[in-house]
Amino acid sequence: MSAAGSVRGPRPAVGPSRYGAGRDDLVALTAALGAPRYRAAQLWDVLWRRRRPLEDDTTLPAALRAELVARLPLRLAPVTVRTTDAGRTRKWLWSTGDADVETVLMCSTRRASVCVSTQAGCALGCTFCATGQGGLVRNLAADEILEQVMRAQHAGAQRVTHVVFMGMGEPLANWAATREALARLQSDLGISARRLTVSTVGWVPGMRRLAAVPWPVTLAVSLHAPDDALRDELVPVNRRWPLREVLAAAHACAQTRGRRVTFEYTLIAGTNDHPGQARALARLLAPLGPLGRHVNLIPLNPTPAFPGRAPDPPRLQRFAAALADEGLRVTVRRTRGADIDAACGQLRTRVHPPGPARRAGVGKNARDG
Ligand code: SAH
Ligand code: SF4
């Protein structure tokens, strides 16, 4: 992590941002600065393959580096950074100037995963979700998504091995930026598609688009209910694309790439955690065969505008066992980082309670805090 935590004032935009610039932009920029051509490749390497910020680089000449720092602005300014889990989980709340977004880095011995936001807020209003409770501010651009990964990389000792699109927002409702970020995480950061996971609430047109890309990106679909009546209540977008359509799109996505789909199910005590609902969920997934046998259970994290709570551990176990009895593979997401509000949209809620979209100064430029 960079030693400096200062937030500098706005800079006039002079071109693409640091993680929006492509290789051609870097060639043009280094040439404009009178540097030899090989510096462009060196700069690309510093930005994408070294694990420290451009500001801390020691391979480029100091004067050139200072010029590049000034001409390749960052788009995210840290608002808060919190660490827990003996330093293994870190969560940022960033300001983009006109909105706040979150990123979480989770490290274990074998992997370092970054959970990125794709939208500031979310328009889809799932009742139990803090992000949904606040509404949509705007889509993030691809460079804002990529910068979240790189800033997390700069803060962690390990190389980032996985990126999950499971932070604030619905990635498939912001398809152009999500697609570009997925492409550049492969081509620039060198992460294989299998280690990239897109989580969707069941945004069917986006699932069809994802099915058409050639990369075997992992798909996760958030279900939360085994029938349309309950899902209509918890996930309002179910009224537009009901379970039948969501599962057909998930099946098509899985088939075209031969990749299994994970189904996420947030468990809410007394609402969707009855063993009979587990059996109904298993029946619902049966037509997907081996492509749809994995359910990831997420005990509800409390949010301000939803009265529910997570089931107690024995009840959670009964639900998990009922799924397992039906032949499903069940995992339970550790509520890792709950003490730093590391669930979807919760750090933002803690800092800014739900209300009208916050408008702050524009164009802040900052380094890792
Ligand atoms: N919009 C996408 C991705 C972001 S949400 C989606 O809905 O899948 C990522 C996951 O966090 C989803 O499965 C979502 O249902 C879950 N989630 C949101 N709020 C939660 C909460 N308060 N407790 C537990 N899980 C939550
Ligand atoms: Fe949006 Fe996902 Fe939250 Fe639903 S759960 S409101 S789709 S971020």
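First listed ligand is number 1; within each ligand, the first listed atom is number 1.
Close N/O approach between P299 and ligand 1 is not found [any backbone or side-chain N/O within under 3.5 Å].
For F319 and H274, the gap between ring centers reaches or exceeds 6.0 Å.
Heavy atoms of G167 approach ligand 1 to within less than 4.0 angstrom. Residue G132 places no heavy atom under 4.0 Å from ligand 1. Residue contacts with ligand 1 leave out M168, since none of its heavy atoms falls under 4.0 Å from the ligand.
When heavy-atom distances to ligand 2 are checked against a 4.0 Å cut-off, C126 comes that close through both its backbone and its side chain. Contact annotation for T303 and ligand 1: only side-chain heavy atoms (C-beta onward) come within less than 4.0 Å of the ligand. Heavy atoms of N301 found under 4.0 angstrom from ligand 1 belong to the backbone as well as the side chain.
Comparing T266, L172, V201, V164 against atom 24 (C) of ligand 1, the shortest heavy-atom distance belongs to T266. Closest heavy-atom approach to atom 14 (C) of ligand 1 among the candidates R333, E264, H224, Q133: H224. By heavy-atom distance, the residue among A173, G169, G132 lying nearest atom 2 (Fe) of ligand 2 is G169.
Residue C122 counts as close to atom 1 (Fe) of ligand 2, with an N, O or S atom under 2.8 Å.
Close approach of ligand 1 to S222 is summarised as follows: ligand atoms under 4.0 Å from at least one heavy atom of the residue are 6 (C), 7 (O), 8 (O), 12 (C), 13 (O). For ligand 1 and C129, the ligand atoms under 4.0 Å from any heavy atom of the residue are 18 (C), 19 (N). Which parts of ligand 1 touch T200 is read off a 4.0 Å heavy-atom cut-off, strictly below it: atoms 6 (C), 8 (O). Close approach of ligand 1 to I298 (heavy-atom distance below 4.0 Å) involves ligand atoms 13 (O), 24 (C), 25 (N). Ligand-side atoms of ligand 2 in range of V201: 7 (S), range being under 4.0 angstrom from any heavy atom. Using a 4.0 Å cut-off to heavy atoms of G169, the atoms of ligand 1 that qualify are 1 (N), 2 (C), 3 (C), 4 (C).
Applying the side-chain hydrogen bond (donor to acceptor under 3.5 Å, both in side chains) rule to R138 yields the partners T96, D98, E144; only residues at least two apart in sequence or on another chain are considered. Taking the side-chain hydrogen bond (donor to acceptor under 3.5 Å, both in side chains) definition, one finds that T103 meets it with W94, Q148, sequence neighbours left out.
Taking each heavy atom of G292 and L285 in turn, the nearest pair found is O-CB, 3.7 Å.
H154 and Y19 have tilted rings, their planes meeting at an angle from 30° to 60° on a 0 to 90° scale.
Here E102 pairs with K91 in a salt bridge; the nearest charged N to carboxylate O distance falls below 4.0 Å. Remark: D56 does not engage R52 in a salt bridge, criterion side-chain N to carboxylate O under 4.0 Å.
Between the side chains of E170 and T118, not a single donor N or O lies within less than 3.5 Å of an accepting N or O.
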Side chain to side chain donor-acceptor pair (under 3.5 Å) between E147 and S17, worked out: CA-CA 9 Å; E147 189 177 319; S17 73; 5.3 Å; no
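The only option from R259, R257, R195, R260 that meets the side chain to side chain donor-acceptor pair (under 3.5 Å) definition with T218 turns out to be R259.
A donor-acceptor pair under 3.5 Å is formed between the side chain of D25 and the backbone N or O of G22.
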